[in-house]
J.: 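Below is a structure I'd like to ask you about.
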Amino acid sequence: QVQLVESGGGRVQAGDSLRLSCTGSTSSINVFIVGWFRQAPEKEREFVASIGRSGNLTYYSDSVETRFTISRDRAQNAVFLQMNSLKTEDTAMYYCAIRTTNRHSDNDAHYANWGQGTQVTVAS
């Protein structure tokens, strides 16, 4: 079972950028769709973005589509989330997980092997 580790979070000002990383413990991460989700305090976990195995297919939530970019580097066994023009409402714990079938989904119940998360805080 591949384990996922998120990193790259931090505290930034509104308008700044951050790049999150999701690194797999083995190269098997590369055969899965990988999704990014986030959860703010007292809110449900929500879909942010996902990327297909080849990296050619990407999906985004409406709230981040024009600001965030998901990508993957198979040599690094990693998936990245470039976040630009950050807003205070982007403040949340960010998680990555793998989709166990080869169909896109924005439902967190369809993902597994969740990492421990990385905190993103955007100050006004």
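Note that the numbering runs from 1 along the sequence shown for the chain.
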J.: Which pair of non-hydrogen atoms, one from G117 and one from M93, has the smallest distance, and what is that distance?
T.: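 Taking G117 first and M93 second, the nearest heavy atoms are C-SD, 3.7 Å.
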
J.: Distance check, rounded to the nearest 0.5 Å: D106 atom CG versus S50 atom OG?
T.: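 The OG atom of S50 is 8.0 Å from CG of D106, to the nearest 0.5 Å.
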
J.: Counting N and O atoms only, with roles assigned by atom type, does the side chain of E6 sit under 3.5 Å from a partner on the main chain of C96, one being a donor and the other an acceptor?
T.: yes

J.: Looking at the rings of W114 and F37, which for Trp means the six-membered one, are their centres under 6.0 Å apart?
T.: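 When the ring centroids of W114 and F37 are compared, they turn out to be within the sub-6.0 Å range.
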
J.: Counting N and O atoms only, with roles assigned by atom type, does the side chain of T118 sit under 3.5 Å from a partner on the main chain of G9, one being a donor and the other an acceptor?
T.: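 Pair found, side chain donor or acceptor close to backbone of G9.
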
J.: How long is the gap from CE on M83 to OH on Y94, to the nearest 0.5 Å?
T.: 5.0 Å

J.: Please name the pair of heavy atoms, one in S124 and one in A14, separated by the smallest distance, quoted to 0.1 Å.
T.: CA-CB, 4.4 Å

J.: How close do A92 and A40 get, heavy atom to heavy atom, and via which atoms?
T.: CB-N, 3.8 Å

J.: Going hydrophobic residue to hydrophobic residue with side-chain gaps under 4.5 angstrom, can you get from I29 over to I33?
T.: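 Cluster IDs for I29 and I33 differ.
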
J.: Can a donor-acceptor pair be found, under 3.5 Å and without considering hydrogens, that links the side chain of Y111 to the backbone of S105?
T.: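 Yes, because the side chain of Y111 sits within donor-acceptor range (under 3.5 Å) of the backbone of S105.
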
J.: Step by step, work out the side chain to side chain contact (heavy atoms under 4.5 Å, CB included) result for F80 and I51.
T.: CA-CA 10 Å; F80 306 102; I51 187 166; over 6 Å; no

J.: With a sphere of 6.0 Å drawn around CD of E44, does it hold more than 12 non-hydrogen atoms of other residues, nucleotides or ligands?
T.: no

J.: Keeping the roles fixed (side chain from R99, backbone from V34), state whether a donor-acceptor pair exists under 3.5 Å.
T.: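 Here the side-chain-to-backbone pair does not exist.
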
J.: Using the side-chain contact (heavy atoms from CB on, under 4.5 Å) definition, which of the options V5, I70, L4 pairs with C22?
T.: L4

J.: With distance as the sole test, does T88 use its side chain to make a donor-acceptor pair with the main-chain N or O of V122 at under 3.5 Å?
T.: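 The answer is no, because no donor-acceptor pair under 3.5 Å joins these two groups.
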
J.: Going only through I, L, V, M, F, W and Y residues with side-chain contacts under 4.5 Å, is there a path from Y95 to L81?
T.: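 As far as the 4.5 Å side-chain criterion goes, L81 and Y95 are not connected within one cluster.
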
J.: After noting the C-alpha distance and the side-chain angles of Q1 and N113, does the key distance pass the side chain to side chain contact (heavy atoms under 4.5 Å, CB included) rule?
T.: CA-CA 8 Å; Q1 286 276 30; N113 296 40; 3.2 Å; yes

J.: Is the number of heavy atoms from other residues, nucleotides or ligands under 6.0 Å of R74 CZ greater than 12?
T.: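 Enclosed: over 12 neighbouring heavy atoms sit under 6.0 Å from CZ of R74.
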
J.: At what distance, to the nearest 0.5 angstrom, does OG of S28 lie from CD of Q3?
T.: 10.0 Å

J.: If every non-hydrogen atom of Q82 is compared with every non-hydrogen atom of S17, which pair is closest and at what distance?
T.: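 So the minimum-distance heavy-atom pair works out to NE2-CB, 3.9 Å.
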
J.: Working to the nearest 0.5 Å, report the span between CD of Q119 and OG1 of T91.
T.: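 Reported value, rounded in 0.5 Å steps: 7.5 Å.
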
J.: To the nearest 0.5 angstrom, please state how far the CD atom of Q76 sits from the OG1 atom of T23.
T.: 7.5 Å

J.: Is the gap between the ring centers of F47 and H110 under 6.0 Å?
T.: no

J.: Between N77 and S27, does the side chain to side chain donor-acceptor pair (under 3.5 Å) criterion hold? Intermediate values first, please.
T.: CA-CA 5 Å; N77 300 332; S27 60; 4.9 Å; no

J.: Please report the C-alpha distance between S63 and R38 in whole Å, then the side-chain angles of each, then the deciding distance to 0.1 Å, and finally whether the side chain to side chain contact (heavy atoms under 4.5 Å, CB included) criterion is met.
T.: CA-CA 12 Å; S63 62; R38 66 186 181 186; 3.5 Å; yes

J.: I'd like to know if L20 and V2 are part of one continuous hydrophobic network [Ile/Leu/Val/Met/Phe/Trp/Tyr, side-chain heavy atoms within less than 4.5 Å].
T.: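 Yes, same cluster.
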
J.: Do R72 side-chain atoms and G52 backbone N/O form a donor-acceptor pair below 3.5 Å?
T.: yes

J.: Let me check something: do Y59 and V48 share a hydrophobic cluster, defined by ILVMFWY side-chain heavy atoms less than 4.5 Å apart, either directly or through other members?
T.: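 No, separate clusters.
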
J.: With the 4.5 Å side-chain cut-off for hydrophobic clustering, are V31 and W36 part of the same group?
T.: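 Yes, V31 connects to W36 through the hydrophobic network.
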
J.: Output the distance between atom CZ (R53) and atom CD1 (I98), rounded to the nearest 0.5 Å.
T.: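 If we round to the nearest 0.5 Å, R53:CZ and I98:CD1 are 12.0 Å apart.
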
J.: Report yes if some heavy atom in the side chain of L57 is under 4.5 Å from a heavy atom in the side chain of H104; otherwise report no.
T.: no

J.: Which is it for R67 and D90 under the side chain to side chain contact (heavy atoms under 4.5 Å, CB included) test, yes or no, and what are the steps along the way?
T.: CA-CA 11 Å; R67 302 181 294 121; D90 294 318; 2.7 Å; yes

